[in-house]
Trainee: 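Right, I'll just put the structure down here and ask away after.
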Amino acid sequence: MDLNRVLDIVFGGIMLGGIYGLVSLGLNLQYGVARVLNVAHGEFTTLGAFLTWWLYVAAGMSPFVGLVTSLLLSFGLGWILYRLIFARLQRHVRSLEAFEAACMLTSFGILFAIQNLIILTWGADVRSYSYLPGAVRLGELVLPVNRILIFGVSVGLGGLFYALLKWTRTGKAIRAAAQDRSGAASVGVDVQNVLGICFALGTGAAGAAGSLISITYSIHPVMGFEYTVIAIIVVVLGGLGNIPGSLLGGILLGVVGTAVTYWQPGLAVVAYYLFFVVLLWWRPRGLLAA
Amino acid sequence: MVETKGLAGSLVRSGLALRRAGLALLAVGLVGAPLYLPAYTLVFLGNLGMYVVLTVSWILFAGSTGYVSLASAVFFGIGVYAAVLWRTALGFWVAALLGGLLSAAVAAGMGVVTLRLRGAYFSMFTLGAVELATSATRWGEAHFFGRVGRIVLPVGQETIYYAMLALVALLFATWELVQRSKLGMALRCIGEDEEAAAHIGIPTTWVKVAGFCLSAVFMGCAGAIMATRWTYVDPRIAFNLQLSFIPVLIAVFSGSRRPYGAALGALLFVALEDFLITRLPYHYMLLFGLVMVAVMLYSPGGVTVLAGRWWEQVLAWSRQDRTGSPR
């Protein structure tokens, strides 16, 4: 294997990994902070992807307009779902483990509802479109313009989410609620509201990632679950509640996936899972944990 | 007051006798069913049997230990592929048996790796295993055999029906045996408090692996039996993610520790599926999702838990009567 191939794989992997990072960051906010194990996470990615495709094909809107639309829409949808469902689940569940199990089962119901709404709205076909098909030449390396753009946007969005958590008042409240719910409540944080925003940020990130995915990959209504599994692996990889860890973990998994796909297309998910098994045995708290 | 209690006691006793007679009648009725039931009803009963097996064998492990396994689809799918590989060469019954044994072997391997994980991590692991099984099988079929799906030689509806009936009967017998055995006690101990169970000398890992394998045997057999009805099989059909979640949904809906209640829950589910899939095929899965959310929100303890509690109260009342009032 020559150097160009290796560079190809590494760059391709990093660009794919940016998207993985964004999807995983969303799940990390939901599971790491709000403790909701949202199996329907990938469905928001599908929703974002289909919305963006539809806006582009039917109305000629740029995918980046689509991105803003799906970010806002999935944020709103996530907030409503949290308030209507997950906040209420908390009331009649005693232990944290029981709450996590209840959330997982409930979100499975949401998974099927969203998936079939998408099928009912846009049909069950595989879709794709072409946007900015050009390429940039860097010495021997040929990089597609749209992928570079996607990578930039996903890392930029990831940074934005990070900054939001780090420097805004809401972000501070989210971190406080993540650390100690009753403590945060006692100093006047409306915990349920804050966790709702946190959950919605998660679905928002998933929706935005879906828009980016639709630009370079073909999309179909049942693709979400694969992204959910990837996000779960990345969250464990980067550490629960660790936002930069999610981005880094996503990029690492993207490189692994691209390398495996180059060697044996179709085995990427198998490789991800084996990676996951080894990781949980070796470092159950994540790669970046002290 | 004493009079009414005595009356209630004898009512309960005759109720129990009635229940036994009812069960015997049901057994006779089910064995003879192909003689007088239309073919369509047999298919319905076969489907029901599949969901009963998946749910009750799931409860057998998860209900007592509290480990929410989502690997049911993996074990079921292994059974399906056992039928694919061996139905023609070795015959239907041997293939079904092999499906069960192979599932148990895989469950043992998976159990050793994953059963050290607690709570959500275990669920995630078993959930990922479904995706792993699907894509590994799809890759293997495409890479080595150059195909997507396969044809399974069918068997008669009656054979499928009797195989499923036998499997359900065997599962219920196993259930009773396990509940009365040391294994059942150990599984329940782990569910109550795993650390305490380890402290009093229960080999927790091995008990969990044994329980996990036992539940996988039945799921694998069910997969092999159903595959011969479907005739065409591909990885997405065999390792259908839904089959991981439906047993949990039925168990939650019907109260997770009672196999007879779970069977009733399965009946309700299959009837609903049957009704909706013919009338509203495109909205069925959407409704399924919404029903699941509604069940989790409004009936977290399960429907039969309420009924069971009520039944126990009646029993306690009559027992009090028997010890408290000499006659």
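Per chain, numbering begins at 1; letters A, B, ... match sequence-line order. Side-chain atoms are counted along with the backbone in the values below, which use heavy atoms only and exclude waters and symmetry mates.
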Trainee: Using 0.5 Å steps for rounding, measure from the CD1 atom of Ile232(A) to the CG atom of Leu127(B).
Mentor: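 So the CD1 of Ile232(A) and the CG of Leu127(B) are separated by 5.5 Å.
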Trainee: Do the non-hydrogen side-chain atoms of Tyr273(A) and Glu131(B) ever get within less than 4.5 Å of each other?
Mentor: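 Answer no - side chains too far apart.
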Trainee: Passes side chain to side chain contact (heavy atoms under 4.5 Å, CB included), Tyr31(A) versus Met124(B)? Steps please.
Mentor: CA-CA 12 Å; Tyr31(A) 185 56; Met124(B) 287 189 216; 3.6 Å; yes
Trainee: Side chain, backbone, both or neither: which part of Val113(B) has a non-hydrogen atom closer than 4.5 Å to chain A?
Mentor: both
Trainee: What heavy-atom pair brings Gly128(B) and Val229(A) nearest, and what distance separates the two atoms?
Mentor: CA-CG1, 4.5 Å
Trainee: Hey, which of Gly140(B), Ala129(B), Ala136(B) has the most heavy atom pairs under 4.5 Å with chain A?
Mentor: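 The answer is Ala129(B).
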Trainee: How far apart are the closest heavy atoms of Ala113(A) and Leu286(B), and which atoms are they?
Mentor: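 Where Ala113(A) meets Leu286(B) most closely, the heavy atoms are O-CD1, 3.2 Å.
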Trainee: How far apart are the closest heavy atoms of Val68(B) and Ala101(A), and which atoms are they?
Mentor: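 Of all heavy-atom pairs spanning Val68(B) and Ala101(A), the closest is CG2-CB, 4.2 Å.
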Trainee: Checking Leu70(B) against chain A: side chain, backbone, both or neither under 4.5 Å from a heavy atom?
Mentor: side chain
Trainee: For residues Glu100(A) and Ala120(B), report the shortest heavy-atom separation together with the two atoms involved.
Mentor: OE1-CB, 3.1 Å
Trainee: Side chain, backbone, both or neither: which part of Val270(A) has an atom under 4.5 Å from a heavy atom of chain B?
Mentor: both
Trainee: Between Phe276(A) and Phe125(B), is the ring centre distance below 6.0 Å?
Mentor: yes
Trainee: Does any heavy atom of chain B fall under 4.5 Å from the side chain of Val39(A), the backbone, both, or neither of them?
Mentor: side chain
Trainee: In terms of the angle between their ring planes, are Phe112(A) and Phe288(B) parallel, tilted or perpendicular, with boundaries placed at 30° and 60°?
Mentor: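 Geometry flag for Phe288(B) against Phe112(A): perpendicular rings.
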Trainee: What part of Leu37(A) gets closer than 4.5 Å to chain B, counting heavy atoms only: side chain, backbone, both or neither?
Mentor: side chain
Trainee: If you tally heavy-atom pairs under 4.5 Å against chain B, which of Ile119(A), Leu267(A), Val269(A) wins?
Mentor: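 Going by pairs under 4.5 Å, I would pick Leu267(A).
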Trainee: For Gln264(A), does the CD atom have more than 12 heavy-atom neighbours from other residues, nucleotides or ligands under 6.0 Å away?
Mentor: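 Result for CD/Gln264(A): enclosed.
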Trainee: Inspect the surroundings of CH2 in Trp122(A) and state if more than 12 heavy atoms from other residues, nucleotides or ligands are less than 6.0 Å away.
Mentor: yes
Trainee: Nearest heavy-atom pair of Leu297(B) and Leu84(A): which atoms, and what distance?
Mentor: CD1-O, 4.2 Å
Trainee: Between atom CG of Leu111(A) and atom CZ of Phe245(B), what is the distance when rounded to the nearest 0.5 Å?
Mentor: 7.5 Å
Trainee: Answer yes or no: is there a donor N or O on one side and an acceptor on the other, between the side chain of Tyr121(B) and the main chain of Val236(A), under 3.5 Å?
Mentor: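 Not a single qualifying donor-acceptor pair exists.
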Trainee: Let me know if Ala133(B) has heavy atoms under 4.5 Å from chain A in its side chain, its backbone, both or neither.
Mentor: neither
Trainee: Could you grab the distance from atom OG1 of Thr106(A) to atom CE of Met296(B), nearest 0.5 Å is fine?
Mentor: 4.0 Å
Trainee: Is it the case that over 12 heavy atoms from other parts of the model lie below 6.0 angstrom from the CH2 atom of Trp230(B)?
Mentor: yes
Trainee: Quick one: what part of Val293(B) sits under 4.5 Å from any heavy atom of chain A, side chain, backbone, both or neither?
Mentor: both
Trainee: Should Leu105(A) and Leu249(B) count as side-chain neighbours, where that means a heavy-atom distance under 4.5 Å?
Mentor: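 No. Closest side-chain heavy atoms not under 4.5 Å.
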Trainee: Counting heavy-atom pairs closer than 4.5 Å to chain B, which one of Tyr272(A), Phe225(A), Phe108(A) comes out on top?
Mentor: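 Ranked by heavy-atom pairs under 4.5 Å with chain B, first place is Phe108(A).
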